[in-house]
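First up is the structure itself, then whatever we jot down about it.
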Amino acid sequence: MNIHEYQAKILFDQFSVPSPRGMVADTSEEAAAAAVELGGDRVVVKSQIHAGGRGKGTFKNGFQGGVHLVASGEVAGIADRMIGEILVTKQTGEEGRLVRKVMVGEAVDISHEYYLAILMDRSACCPVIVASTEGGMDIEEVAEKDPGKILREHVHPLVGLQPYEVRKLTTGLGFTGDEAKQFGKLLGNLFRLFLECDCSMVEINPLVRTTDGRVLALDAKFNFDDNALYRHPEIVEFRDTEEEDPREVEASRHSLNYIGLDGNIACLVNGAGLAMATMDLIKHHGGEPANFLDVGGGASQEQVAAAFKIILSDEAVKAILVNIFGGIMDCDVIAHGVVAACEEVGLPIPLVIRLEGNNVAAGKATLVASGLNIITADNLADAAEKAVAVITD
Ligand code: ADP
Ligand code: MG
């Protein structure tokens, strides 16, 4: 799950990670009032969407930039050109994202922009802190052109962040004196936030040194481990389903493990491992999966039907591959779910089914009795091959 920058600032405040003051606004009037409340002659107006690269983005109305430093008096006019408009950035894809809110923040005088992130390094099985003196820009670009400029510090998951690790990063980034102290404190607090909130990633790009000697987080991108969200009802409150893939929002309403992808062969599978193997085989045969979907071992007929309807609602989908190896899962429950969904919304595209295991005879009988036009497959490879063939033929 992701959150907006204005919500991230609430977490920063709770964990004493210094950042400029900011207020969120839904309308240009509210934005203007926020600027008055913040005081000062200059403020920053920032579009709130779950995507980075806003500063260099372009609105579909032609307006350049989703982040603007402006005089307080200009805030209403700028907010007006952002709210209700679609912002396209490097990370949104060409369809862009609708800006519903802006954040009005204290403008700071930047003397240098750094990059700072904490994320899980799965191969090292521990958190890693990534930092660079080359902040404010695309970190992937820095990694490619100047890999020496990227510092990495792995942190032992049980021992936690050690003072020597903080010192290594502090000197690596060139902080000295009071700024070194501020950075050390910020990093310690950010690491605590990362652990206590079960984040999978926190990225601050840029972290800045200001001309008046402050070290501040100017931007914030958070990613939370969905499997740990049950421990954080206050973070779940931050969820903005308007920013998520509608297919995934619907799937999560039915407790389905669904991830939308860009291909055209939809998959309905039981078990995450089998789902991944199914996607691999589709690709192996030259096709592209439209989604990852694991209905799990204990799915009900209603959940299967819901999953099937999500798949059918996706216009990109040209064929469906159902691959069930029923260990715990009852094949007949799957069959009834598929039939129920097709009765409700029809079956306008080819459906390839491979059923095996628990109660398979009843499942197959249910499918035959339904009269649905189904292509059956004997095994996984056969199923993948048939699904790819049916759209390329
Ligand atoms: P994005 O990464 O989505 O483009 P940022 O929050 O990083 O958005 O903002 C883009 C740039 O705008 C920053 O690199 C920084 O130079 C400038 N900026 C952002 N917030 C402020 C602020 N409060 N004061 C001054 N400049 C800012
Ligand atoms: Mg940024």
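Just so you know, ligand 1 is whichever comes first in the structure, and atom 1 is the first atom listed for that ligand. Along the sequence shown, residues carry numbers from 1.
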Top protein contact for atom 20 (N) of ligand 1, by heavy-atom distance:
K46 NZ, 3.2 Å

Residues in ring-ring contact (aromatic ring centres under 6.0 Å, His included) with F59, at least two apart?
F63

Does the N or O separation between E5 and ligand 1 drop below 3.5 Å for any pair?
no

Answer yes or no: does an N/O atom from A51 fall short of 3.5 Å to an N/O atom of ligand 1?
no

Proximal ligand 1 atoms for G53, defined as those under 4.0 Å from one of its heavy atoms:
1 (P), 2 (O), 3 (O), 4 (O)

Under-2.8 Å protein N/O/S neighbours of the Mg ion (ligand 2), ordered by chain then residue number:
N205 O, D219 OD2

Under the ring-ring contact (aromatic ring centres under 6.0 Å, His included) test, residues paired with Y6 that sit two or more places apart
H4

Considering all heavy atoms, the nearest D121-V128 contact
CB-CG1, 3.8 Å

For A107, counting its heavy atoms only, list the atoms of ligand 1 lying under 4.0 Å from any of them.
24 (N)

Carboxylate-amine/guanidinium proximity below 4.0 Å for R214 and D212
yes

Among D109, D219, V43, V44, which one has a heavy atom closest to atom 2 (O) of ligand 1?
D219

At under 4.0 Å between heavy atoms, which part of I110 makes contact with ligand 1: side chain, backbone, both or neither?
side chain

What residue and atom, counting heavy atoms only, is the protein's closest point to atom 11 (C) of ligand 1, and at what distance?
V67 CG1, 4.6 Å

So, for A381 and H285, which heavy atoms are closest and what is the spacing to 0.1 Å?
O-NE2, 3.8 Å

Testing the basics here: between M329 and I324, what is the closest heavy-atom pair and its distance to 0.1 Å?
CG-CG2, 4.4 Å

When you measure from atom 23 (N) of ligand 1 to every protein heavy atom, which one gives the shortest distance, and what is it?
E106 O, 3.0 Å

State the atoms of ligand 1, each with its element, that fall below the 4.0 Å cut-off from a heavy-atom position in G52.
3 (O)

Nearest atoms (heavy-atom pairs only) where S132 meets I139
CB-CD1, 4.1 Å

Just by distance, do the side chain of H232 and the backbone of I235 share a donor-acceptor pair under 3.5 Å?
no

Is D13 paired with K9 through a side-chain N to carboxylate O contact shorter than 4.0 Å?
no

Relative to the heavy atoms of P206, which atoms of ligand 1 are at a distance of less than 4.0 Å?
7 (O), 13 (C), 14 (O)

Could E141 and K145 be called an ion pair, given the rule that one side-chain N must be under 4.0 Å from one carboxylate O?
yes

Quick one about D332 and T366 (side-chain donor to acceptor, distance below 3.5 Å, no hydrogens or angles considered), yes or no?
yes

Is there a nitrogen or oxygen of G55 sitting under 3.5 Å from a nitrogen or oxygen of ligand 1?
yes

In ligand 1, the atoms that come under 4.0 Å of a heavy atom of L69 are 25 (C), 26 (N)

Return the residue, atom name and 0.1 Å-rounded distance of the protein heavy atom closest to atom 24 (N) of ligand 1.
V108 N, 3.1 Å

Answer yes if the side chains of S111 and R209 hold a donor-acceptor pair under 3.5 Å, and no otherwise.
yes

Specify whether the nearest protein heavy atom to atom 17 (C) of ligand 1 is under 4.0 angstrom away.
no

Decide, yes or no, whether a salt bridge links R100 with D240 under the criterion of side-chain N to carboxylate O below 4.0 Å.
no

Identify, with sequence neighbours excluded, every residue that meets ring-ring contact (aromatic ring centres under 6.0 Å, His included) alongside F224.
F222

Atom 8 (O) of ligand 1 [closest protein heavy-atom partner, distance rounded to 0.1 Å]:
R54 NH2, 3.1 Å

Per-atom contacts, ligand 1 versus L218 - under 4.0 Å to a heavy atom
6 (O), 18 (N), 19 (C), 20 (N), 21 (C), 22 (C), 26 (N), 27 (C)

Considering heavy atoms of the protein only, find what lies nearest to atom 15 (C) of ligand 1 and give residue, atom and distance to 0.1 Å.
E113 OE2, 3.4 Å

Check E250 with R253, please: is the shortest side-chain N to carboxylate O separation under 4.0 Å?
yes

